[in-house]
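No experiment lies behind these values; they were computed from the predicted model shown. Read the numbers this way: they start at 1 and go in the same order the structure lists the ligands and their atoms.
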Amino acid sequence: MKATKLNSNRVSLQGTIQVPGDKSISHRAVMFGSVAQGTTTVENFLPGEDCLSTIACFQKLGVSIEQEGSSVTIEGVGFEGLQEPMEVLDVGNSGTTIRLLMGILAGRPFHAVFTGDESIAKRPMTRVTVPLAQMGARISGRKDGEFTPISISGGGLKGIHYPLPVASAQVKSSILLAGLQAEGTTTVVEPEKTRDHTERMIKMFGGSVSSEGNEISVQGGQKLAAARVMVPGDISSAAFFLAAGAIVPGSRIKLLNVGLNPTRTGILDALQEMGADIEVLPYETENAEPAGDIIVQTSDLKGITIEGELIPRLIDEIPIIALLATQAEGRTLIKDAAELKVKETNRIDTVVKELSKMGAEIEATEDGMVIHGKTSLRGSTVSSHGDHRIGMMLAVAALLARGEDSYLENSEAIAVSYPAFFEHLESLF
Ligand code: S3P
């Protein structure tokens, strides 16, 4: 396996970065554009591997999609215009693609089969197949429908009232996308609020959705109309530079056009509570998804507790928060985050294992981790385990490492969400 040599022992990261488009919003823009009527254009689309998997799946469903870099044009066919695929739908590494697309295909009167990579094959799917089957879809998969390969024959759905057993935007979105095609009303009840990009996009594409507290409802039989989507930068990608700017001595980084949807900004709350010097400059322009610039400077950090409703608002940022905690005075406790075990990797295990190699004082718990800071990090050969966010976190960790050189095994995984990551990082040196 090829290992990439990482930059280490850095001081002073300086510069301005335009982080790539938001992954969650890019997926949804392609999906909504496909099931709407008319031509949808998407700007600042994320051309990462996950979102390209979504495009490839919709092409197999008969949708004409042109993508050139971060511009995408979709000739929408409506839900009814999707065609039975001749081939297996391969979602690659993308949990969002498989779970949301199952919701869409649950409503279509044809057969489709899903597969993905080694990581997808380990990720739980009954969280979506159970409610979709309750609505009337016929679904089967390996180990009683828990894992890929999964096949689905849809159509004839009825609305349900469904309390979500886990706080998951993917599950919520899957049920809402099925609900748009079902008879009657579909309601999901969230245990904690999760990212609301799907709800915002239903409205952007001319549909209606209502939210009351943690209950979200859609009426079936809705028709969606094409839209122009401007995707803001991904705060989950920005997070690696927010962390690098806060912990590498003598740094100041400006991040442009970062998405500031309040269901995603938990990382900013956590950084502020840790004492990071960050300035958020929201844009005034009206957009379905708010955005702004963020400036971060090197800061003295302190340990905090992260739990409860904050967890879904920063779930993807926990690996990089663990690194921040190694550079914060005192103890950081992360709890209520058992969902980390079923991400692209078991992120409790992979974070603890890889940061320990670099000298961090970090322990796994049942539903999170405990980190004692501040520790100096040492160079080591580490692995992404095929998980993009673990890979980027380790590349930032290496910036502080002393001693031996650091190497990252399986660094190509980073292309899942941030193909230009190393280029952007090096532009700050
Ligand atoms: C996502 C929801 C989250 C997140 C994932 C993207 C989405 O997953 O971790 O990276 O786009 O809806 P869960 O819904 O499993 O929490």
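- Of the N and O atoms on the side chains of S380 and S406, not one donor lies less than 3.5 Å from an acceptor on the other residue.
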TODO: Under the side chain to side chain donor-acceptor pair (under 3.5 Å) rule, what do Q219 and T185 come out as? Steps first, then yes or no, please.
DONE: CA-CA 5 Å; Q219 297 299 325; T185 308; 3.1 Å; yes
Give me the pairs of N or O atoms, one from ligand 1 and one from the protein, that sit under 3.5 Å apart.
from     : atom 1 : to   : atom 2 : distance (Å)
ligand 1 : 8 (O)  : K343 : NZ     : 3.1
ligand 1 : 9 (O)  : D316 : OD1    : 2.7
ligand 1 : 9 (O)  : D316 : OD2    : 3.4
ligand 1 : 9 (O)  : K343 : NZ     : 2.7
ligand 1 : 10 (O) : D316 : OD1    : 3.4
ligand 1 : 10 (O) : D316 : OD2    : 2.8
ligand 1 : 11 (O) : S24  : OG     : 2.7
ligand 1 : 11 (O) : R28  : NH1    : 2.8
ligand 1 : 11 (O) : T96  : OG1    : 3.4
ligand 1 : 12 (O) : R28  : NH2    : 2.6
ligand 1 : 14 (O) : S168 : OG     : 2.7
ligand 1 : 14 (O) : A169 : N      : 3.0
ligand 1 : 14 (O) : Q170 : N      : 2.8
ligand 1 : 15 (O) : K343 : NZ     : 3.3
ligand 1 : 16 (O) : K343 : NZ     : 3.1

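- Side chain of R138 to backbone of G154: a donor-acceptor contact under 3.5 angstrom is found.
- Residues satisfying the ring-ring contact (aromatic ring centres under 6.0 Å, His included) criterion with F421, sequence neighbours excluded, are F241, Y418.
- Rounding to the nearest 0.5 angstrom, the gap separating the OG atom in S237 from the NZ atom in K23 is 9.0 Å.
- Within 6.0 Å of atom CZ in R142, more than 12 heavy atoms from other residues, nucleotides or ligands are found, so the atom counts as buried in its surroundings.
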